Trainee: 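Right, I'll just put the structure down here and ask away after.
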Protein chains: 2
Amino acid sequence: MRISQLSTESGVPIPTIKYYLREGLLPQGEQTSATRAEYGPAHLRRLRLIRALLEVGRVPVAAIRTVIEAVEDERTDVHTMLGTAHYALASRPEPHADDEEWTRAREAVDRLIADLGWRVSPLAPGRDELTQTLVTLARLGMPATDADLLVYARTAMSLAHDHEMAKIPFDGPRDVAVETLVICTVMYGKAFDVFRRLAQESESARILEA
Amino acid sequence: MRISQLSTESGVPIPTIKYYLREGLLPQGEQTSATRAEYGPAHLRRLRLIRALLEVGRVPVAAIRTVIEAVEDERTDVHTMLGTAHYALASRPEPHADDEEWTRAREAVDRLIADLGWRVSPLAPGRDELTQTLVTLARLGMPATDADLLVYARTAMSLAHDHEMAKIPFDGPRDVAVETLVICTVMYGKAFDVFRRLAQESESARILEA
DNA sequence: AAGGCTGGATAGTTGAACTATCCACTAGGA
DNA sequence: TCCTAGTGGATAGTTCAACTATCCAGCCTT
């Protein structure tokens, strides 16, 4: 398959495909001569993944590249690779290192994760993201209660356990595992977010018509 | 309070505050002379809300303005106002109007919402967002099953019903209701997203150590 | 042998969210 | 009273991300 066919099949314009090639999101095609390269179904598949992450997940190009680089480095084991993917999907807030309020919130987050018995790296960016969210809620005058957080955490775990990690083929090839993980995280994350807003609208209608 | 104090209290630089004033995100201060205006605690509060939506929620400035305009238009009733806020928080995908696959997915979405008994406007952008997500999942070779979607939908409803809409003071002033809704939607949405990723990491660790 | 693609390189565009500069003016202290 | 830092308002510039456009030499088909 040549680049123009890749373009028509995927709906992505040629200059954009070239851009993804430059950025290392898409592997080079197999060079057949100085001015010709051959692309396969793997390229088409990768291209669809890129567009899905960009359009539905709003994942930045740089993060996508990070994931792809982790997959292509054969030395990393599967768990580390999945970790890298997860960390790339996070939106790191600036650390606010020397802030009293921040430090206390961060300790609360660490305690919560420990209490839940979750096995999460102390370096996981999610800890910082959660800290930022809690600090922000407090500053807005609506601090989250421990009880609320526990409900959210357990709900998240039940979805992750029963419907997401269960889908991931850990015994298959490594690239398929990461790809599945990323798709699950991003797409079902989006789906859940939309469902939540729809549910809120429905509740609002019910309450305000009474 | 003058603009410089607003800046130091909120941590937002003066030129940025001026930008928010220009963009209509922040109401003008009370003019006390040709070159002086007075800002109150409401401005500080608003500024914190703006930063929360931008930094934690990644809500675009244009969407924030839409919400604010709806609140300030006294003619709209509360339900419409909350609707406007919700719709502003959505990320409208382009409609793909004349696409067979899209149309079928859209019908499935409409059927699902009807089956759930949810009261959602047929114009709600969430319907399009969900359609896009399902089409994308199918194109990636991992179509969502009805059973999975139902679980996500019911889980979302239970959080929305018990922990989000229950918090909203429908009987108070209208601006407080919208503000609370937006904060709940965005901040707890973020919190849930982070919990989900942390839960996935924890599950991954558990599975791969066995 | 000619016209259309191709890969590769380089430069330009768009949109969002700021950021910087300028200016006339004025409040508030020396 | 005068001076100066700060103010509001306007306008223009910056940065970053994600493209998009143009150019060019070379091949491949017809």
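Proteins get letters first, then strands, A, B, ... in listed order; numbering begins at 1 in each. Keep in mind that the numbers below use all heavy atoms, side chains included, and drop hydrogens, waters and symmetry copies. Keep in mind it's a predicted model, so treat the numbers as computed, not measured.
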Trainee: Using atom CD of B:Glu23 as one end and atom C1' of C:dA16 as the other, report the distance to the nearest whole Å.
Mentor: 10 Å
Trainee: With a non-hydrogen cut-off below 4.0 angstrom, is A:Arg51 in contact with a base, only sugar-phosphate, or nothing?
Mentor: sugar-phosphate
Trainee: Tell me: CD1 of B:Ile3 to C1' of D:dA5, nearest whole Å?
Mentor: 15 Å
Trainee: Name the nucleic acid region contacted by B:Gln28, choosing base, sugar-phosphate or nothing; use a 4.0 angstrom heavy-atom cut-off, strictly under.
Mentor: sugar-phosphate
Trainee: Would you mind reading off the distance between A:Ile17 atom CD1 and D:dA21 atom C1', rounded to a whole angstrom?
Mentor: 16 Å
Trainee: Measure the acute angle between the ring planes of B:Phe192 and A:Phe192, then classify it against the limits of 30° and 60° as parallel, tilted or perpendicular.
Mentor: parallel
Trainee: Calculate the interatomic distance between A:Ile14 atom CD1 and C:dA9 atom C1'; express it in whole Å.
Mentor: 16 Å
Trainee: Going by atom types alone, do B:Thr185 and B:Glu164 pair a side-chain donor with an acceptor below 3.5 Å?
Mentor: no
Trainee: Between the main-chain N or O of B:Val71 and the side-chain N or O of B:Arg174, is there a donor-acceptor pair closer than 3.5 Å?
Mentor: yes
Trainee: Expressed as a whole number of angstroms, how long is the span from A:Arg58:CZ to D:dA17:P?
Mentor: 17 Å
Trainee: Is the number of heavy atoms from other residues, nucleotides or ligands within 6.0 Å of CG (A:Asp146) greater than 12?
Mentor: no
Trainee: So what does B:Leu54 touch, heavy atoms closer than 4.0 Å: a base, only the sugar-phosphate, or nothing?
Mentor: sugar-phosphate
Trainee: Mind calculating the distance between CD1 (A:Ile50) and P (D:dA17) to the nearest angstrom?
Mentor: 17 Å
Trainee: Please compare B:Lys18 and B:Val61 by the position of their nearest nucleotide in DNA chain C and report the one closer to 5'.
Mentor: B:Val61
Trainee: For the pair made of CZ in B:Arg2 and P in D:dG9, what is the distance, rounded to whole Å?
Mentor: 16 Å
Trainee: Verify the distance criterion only: is there a donor paired with an acceptor across the side chains of A:Arg46 and A:Tyr39 at less than 3.5 Å?
Mentor: no
Trainee: Does C:dA20 have OP1 or OP2 sitting under 4.0 Å from an N or O in the side chain of B:Tyr19?
Mentor: no
Trainee: Just to be sure I understand the rule, does A:Arg22 reach a base, reach only the sugar-phosphate, or reach nothing, if contact means heavy atoms closer than 4.0 Å?
Mentor: base
Trainee: Where the side chain of A:Pro60 is defined as all heavy atoms beyond and including C-beta, which of D:dA18, D:dT7, C:dA17 is the nearest nucleotide?
Mentor: D:dA18
Trainee: Give the residues of residues 29-44 of chain A touching DNA chain C, defined as any heavy atom closer than 4.0 Å, sorted by residue number.
Mentor: A:Gln31, A:Thr35, A:Arg36, A:Ala37, A:Tyr39
Trainee: Strictly distance-based, threshold 3.5 Å: is any side-chain N or O of A:His43 a donor or acceptor partner for the main-chain N or O of A:Gly40?
Mentor: yes
Trainee: If we ignore hydrogens and angles and just use 3.5 Å, is the side chain of A:Glu201 paired with the main-chain N or O of B:Ser121 as donor and acceptor?
Mentor: yes
Trainee: How long is the line joining OH of A:Tyr20 and P of D:dA17, in whole Å?
Mentor: 15 Å
